[in-house]
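The block underneath contains the structure these notes are about, expressed in structure tokens.
Counting convention: from 1, in listed order, for ligands and their atoms alike.
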Amino acid sequence: MKPIFVALIAFLMYFSACGQNKQNANSKKKMEFPIKKTDDEWKKSLNEEQYRVLRLKGTERAFTGKFYKHKDKGIYVCAGCGNELFKSETKFESGTGWPSYYDVIPNAVVLETDYSYGMVRTEVMCAKCGGHLGHVFDDGPKPTGLRYCINSVSLDFKKK
Ligand code: FE
């Protein structure tokens, strides 16, 4: 009987610990951004797909975005607020089907740990409006070794 009892206690502790973690993640303080709009205002200023990705942290289907093969010289800006995010010189072909950059314009984005879908990833958000842009990974090329994997739909482009 005793080993079963110990196992039961361990089992309960394990699950209560998991519950705790989840609660901490959910009760995380909401981040504040300089550009504040209500949900309705965002819905009016964005198209449906932009709203789904930028505001609901969605992901566009790989190889479908307008910028994954884009090679013009210029600046990629936030589709939500126009904040300048990435220079075309830092764009590279990652083979992932999403526009990828090895660097970001200083202070243009904020990063946050993202625990969704059973993965631990680093989310990239626009520093001005909080719009979801994509994720950053540490398997990028030199000189930074970073790969900013960004949804085309979260971006606009200003040609040089
Ligand atoms: Fe923005």
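- Taking the six-membered ring for Trp and thresholds of 30 and 60 degrees, F157 and F67 have ring planes inclined between 30 and 60 degrees apart.
- Neither side chain, T38 nor D40, offers a donor N or O lying under 3.5 Å from an acceptor on the other.
- Between E49 and R61 no salt bridge is recorded (no basic side-chain N to carboxylate O distance below 4.0 Å).
- Note on the Fe ion (ligand 1): protein N/O/S atoms under 2.8 Å are C78 SG, C81 SG, C126 SG, C129 SG.
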Step by step, would you call Y68 with N151 a side chain to side chain donor-acceptor pair (under 3.5 Å)?
-> CA-CA 9 Å; Y68 91 92; N151 293 285; over 6 Å; no
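- Aromatic ring centres of Y102 and Y148: separated by at least 6.0 Å.
- Ring geometry, H135 versus H132: the interplanar angle exceeds 60°, so the pair is classed perpendicular (tilted spans 30 to 60°).
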